[in-house]
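Chain letters run A, B, ... following the sequence lines, proteins first and then strands; every chain starts at 1.
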2 protein chains.
Amino acid sequence: MTVQPDTETTPARGKRPKQGEPVVDRALSLLAVFSDRRRALTLSEMARYAGMPAPTALRLIARLVAWGALERLDDGRYVVGVRLWEVASLSPRGHGVREIALPYLEDLFEVTRHHVLLAVRDNEEAVLIERLSSKDATEVAYRVGGRAPLRSTAVGLVLLAGADQQFQEAILRKPPENEPGVPDMPEGQVRRTLSDVRRTGIAMIRRSLPSRTVSVASPVFDAQGSVVAALSIVVPDGSTPPNVLAPAVRATARAVSRNLGHHAEVSPDVRTHSQG
Amino acid sequence: MTVQPDTETTPARGKRPKQGEPVVDRALSLLAVFSDRRRALTLSEMARYAGMPAPTALRLIARLVAWGALERLDDGRYVVGVRLWEVASLSPRGHGVREIALPYLEDLFEVTRHHVLLAVRDNEEAVLIERLSSKDATEVAYRVGGRAPLRSTAVGLVLLAGADQQFQEAILRKPPENEPGVPDMPEGQVRRTLSDVRRTGIAMIRRSLPSRTVSVASPVFDAQGSVVAALSIVVPDGSTPPNVLAPAVRATARAVSRNLGHHAEVSPDVRTHSQG
DNA sequence: CAATACTATTCCAACCAATGAAAGTCGGCT
DNA sequence: AGCCGACTTTCATTGGTTGGAATAGTATTG
């Protein structure tokens with residue numbers, strides 16, 4: 001044997017090749033490995049996806065489980081825990097708006113019996129906060145907790161139109177992402193559309209791909225007059241005409257806004273008259 | 001001057017009195033400071049409630065904000081972020097059951113126009129996963145994301161009745177907590193009630209305090225036959241008689257169970273016959 | 001307007017919690 | 001029995017973490 005027996009002492013313990021990421025970030029990255037498709041994961045899967053050695057993952061996961069951010073199933077796999085959900089339910093832009101909006105969404109849903117959506121903007125995407133759907137009714141669209149592009153969805157356009165100018169420009173500068181099923185608009189048309197949305201309080205999008213549908217969305221304002229959410233209805237193309245839906249959607253959105261403390265002006269583009 | 005000038009060197013930097021809590025735990029404790037009443041907090045508030053020095057809190061909060069677990073408002077305060085809500089929406093026992101149950105809850109709500117609740121058990125309490133309420137209708141009860149006691153609520157009794165024997169005993173051994181507005185039952189009566197709940201699939205509770213209401217709850221089973229949630233309806237006392245509500249609640253709960261892959265047996269307490 | 005009180009942020013040297021290779025354990029499969 | 005994969009425990013090393021102190025910013029008060 002060419003192996004050196006050396007001594008009884010452990011050869012090379014604690015020899016970290018090198019690292020350098022805050023522990024908190026690592027812990028959070030362990031939460032981030034979960035997704036719509038990955039709702040229950042084993043230790044080794046989590047370690048692999050999060051890019052860290054199993055022992056490290058185990059140690060961090062143990063803390064997360066102890067707190068309730070994760071739960072362990074009988075088969076040893078981990079899932080997101082109720083405790084995390086509980087804290088998350090305090091998110092003003094998550095459950096916050098939802099809580100206030102829900103009764104109004106229900107009314108709209110009950111009358112129309114079509115998908116009713118509520119979304120907020122997170123960075124460059126829309127996040128679906130709520131979706132009411134009759135169990136029998138129409139096709140699927142987006143999942144609650146899921147994300148949707150800003151430029152090619154009705155809620156996205158409403159949120160984009162309500163964002164600050166600087167952000168809008170940044171988005172518009174980016175090349176379109178060619179969302180399948182939605183005709184992508186050239187930049188100029190997007191600008192005109194956003195302007196229309198601001199003026200009319202309504203965005204409309206036709207998509208063909210998951211199925212032929214029409215979405216009509218309207219902005220929800222907070223007390224400061226900022227657009228905090230977008231409310232929309234999704235109907236099969238050809239069922240109810242959009243111009244019939246628009247007033248209902250707009251009225252519902254305004255009702256929610258009012259409950260958020262927003263005092264609607266006569267119309268945003270009429271204010272300039274008062275300057276004369 | 002009795003003060004020792006000593007040298008120019010910094011006197012006593014980095015002199016930690018001592019500590020010893022995992023960083024992850026500290027970060028999580030910063031999430032835990034949020035509550036129904038505290039949805040937006042300043043740095044110093046968070047540091048105070050979490051019991052740590054401001055610089056430490058700031059450093060950890062910075063990581064949480066970077067990831068999206070927290071968001072910073074214009075006024076400098078922090079709130080729970082949408083990203084956290086997004087991950088939490090993957091919680092099987094949180095949004096998971098909710099997603100499946102919602103259409104059925106809506107049906108029940110639409111027919112009755114009374115509060116419809118969905119709850120799961122987390123440790124020794126019930127956590128409210130969903131609540132449908134008409135905006136005009138009745139008084140408030142519990143908040144979505146909030147907690148309710150097991151022994152003195154209808155959903156709680158259902159969840160307790162469906163828990164494993166060992167856990168039930170542990171709860172029963174504890175002295176009752178004297179929930180105001182609910183007549184507290186002696187241990188024997190609780191046992192009988194739990195037995196009844198298992199047999200009939202219905203729990204019923206009258207409370208007087210937030211207002212005079214009757215709650216009727218029924219268990220939701222998963223594919224393995226475990227009770228994973230409780231579904232209930234809350235009506236003003238004296239409106240609809242409970243025995244009229246029970247079938248509707250039970251039917252809704254069974255519909256949800258079926259969608260979770262549960263194959264209902266004829267009746268749990270009849271199975272013994274097949275042994276003959 | 002200075003003084004006071006508070007919160008937020010930056011700095012940094014000491015140090016302890018975090019680290020991960022290695023080894024041990026468990027369970028399944030051949 | 002032997003192999004393989006996932007999970008868990010151990011432990012010497014060390015770099016990320018720590019919090020007092022200093023600084024900057026903000027609101028309140030005399």
Side-chain angles (χ1 to χ4, degrees), chain A residues 3-31 33 38 40-67 69-79, chain B residues 3-31 33 38 40-67 69-79:
Chain A
V3 177
Q4 295 173 296
D6 207 57
T7 50
E8 290 288 335
T9 57
T10 40
R13 285 296 182 83
K15 188 63 164 303
R16 271 180 302 189
K18 179 219 78 180
Q19 262 304 122
E21 201 187 7
V23 203
V24 182
D25 287 14
R26 291 166 165 239
L28 291 172
S29 74
L30 282 171
L31 294 181
V33 300
R38 309 190 190 287
L41 299 169
T42 65
L43 168 62
S44 46
E45 285 171 334
M46 291 184 69
R48 186 160 48 251
Y49 298 144
M52 64 180 79
T56 301
L58 179 64
R59 194 163 5 93
L60 297 178
I61 289 172
R63 304 314 312 147
L64 294 171
V65 170
W67 188 78
L70 298 180
E71 291 173 7
R72 191 160 202 193
L73 301 179
D74 295 334
D75 62 9
R77 291 184 303 167
Y78 297 95
V79 296
Chain B
V3 178
Q4 295 174 298
D6 208 57
T7 50
E8 291 286 338
T9 58
T10 39
R13 286 293 184 85
K15 186 66 164 303
R16 268 180 303 189
K18 181 217 76 181
Q19 260 304 121
E21 199 186 9
V23 203
V24 181
D25 288 16
R26 291 165 167 240
L28 291 172
S29 75
L30 282 171
L31 294 181
V33 300
R38 307 188 190 289
L41 298 169
T42 64
L43 167 63
S44 47
E45 284 171 334
M46 291 184 68
R48 187 160 48 251
Y49 298 144
M52 65 180 77
T56 300
L58 180 62
R59 194 162 5 91
L60 297 178
I61 288 172
R63 304 315 311 147
L64 295 171
V65 169
W67 188 79
L70 298 179
E71 292 173 6
R72 191 160 201 194
L73 301 179
D74 295 334
D75 61 9
R77 291 184 303 168
Y78 297 94
V79 295

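When the side chain to side chain contact (heavy atoms under 4.5 Å, CB included) test is applied to B:A54, no partner is found at least two apart in sequence or on another chain. Shown here are the salt bridge (charged side-chain N to carboxylate O under 4.0 Å, His left out) partners of A:R59, two or more places apart in sequence or in another chain: there are none. Evaluation of the side chain to side chain contact (heavy atoms under 4.5 Å, CB included) rule for A:A47 yields A:A57 as partners, not counting sequence neighbours. Considering only residues two or more places apart in sequence or on other chains, B:D74 meets the salt bridge (charged side-chain N to carboxylate O under 4.0 Å, His left out) condition with none of them. Applying the side chain to side chain contact (heavy atoms under 4.5 Å, CB included) criterion to A:V23, with sequence neighbours excluded, gives A:L60, B:V23, B:V24. Remark: B:T42 pairs with B:S44, B:E45 by the side chain to side chain donor-acceptor pair (under 3.5 Å) rule, at least two apart or across chains.
Remark: B:R59 is in phosphate contact with D:dT18, judged by side-chain N or O atoms under 4.0 Å from OP1 or OP2. The phosphate of C:dG20 has OP1 or OP2 within less than 4.0 Å of a side-chain N or O from A:R26. Phosphate proximity of C:dT19 to A:T56: absent, as no side-chain N or O sits under 4.0 Å from OP1 or OP2.
Whole-Å rounding puts the A:L60 CG to C:dA18 C1' distance at 9 Å. In this structure, B:I61 atom CD1 and D:dT17 atom C1' are separated by 16 Å, rounded to whole Å. If you measure from atom CE of A:M52 to atom C1' of C:dG20, you get 12 Å, rounded to the nearest angstrom. The CE-P distance, from B:M46 to C:dT9, rounds to 12 Å in whole Å. For the pair A:D25 CG and D:dT17 P, the computed distance is 8 Å after rounding to whole Å.
Using a 4.5 Å heavy-atom cutoff, the side chains of B:R63 and B:L30 are not in contact. Inter-residue side-chain proximity for B:L43 and B:Y78 is flagged as met; some heavy-atom pair is nearer than 4.5 Å.
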- Message: Across nucleotides 4-9 of chain D, 5' to 3', mark each nucleotide with B, S or - according to how protein heavy atoms within less than 4.0 Å reach it.
- Response: --SSSB
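Overall bending of the helix from C:dC1-D:dG30 to C:dT30-D:dA1, expressed as the angle between end axes built from five pairs apiece, is 40° (10° steps).
Evaluation of the side chain to side chain donor-acceptor pair (under 3.5 Å) test over residues 47-57 of chain A, restricted to residues two or more places apart or in two chains, returns A:R38-A:Y49.
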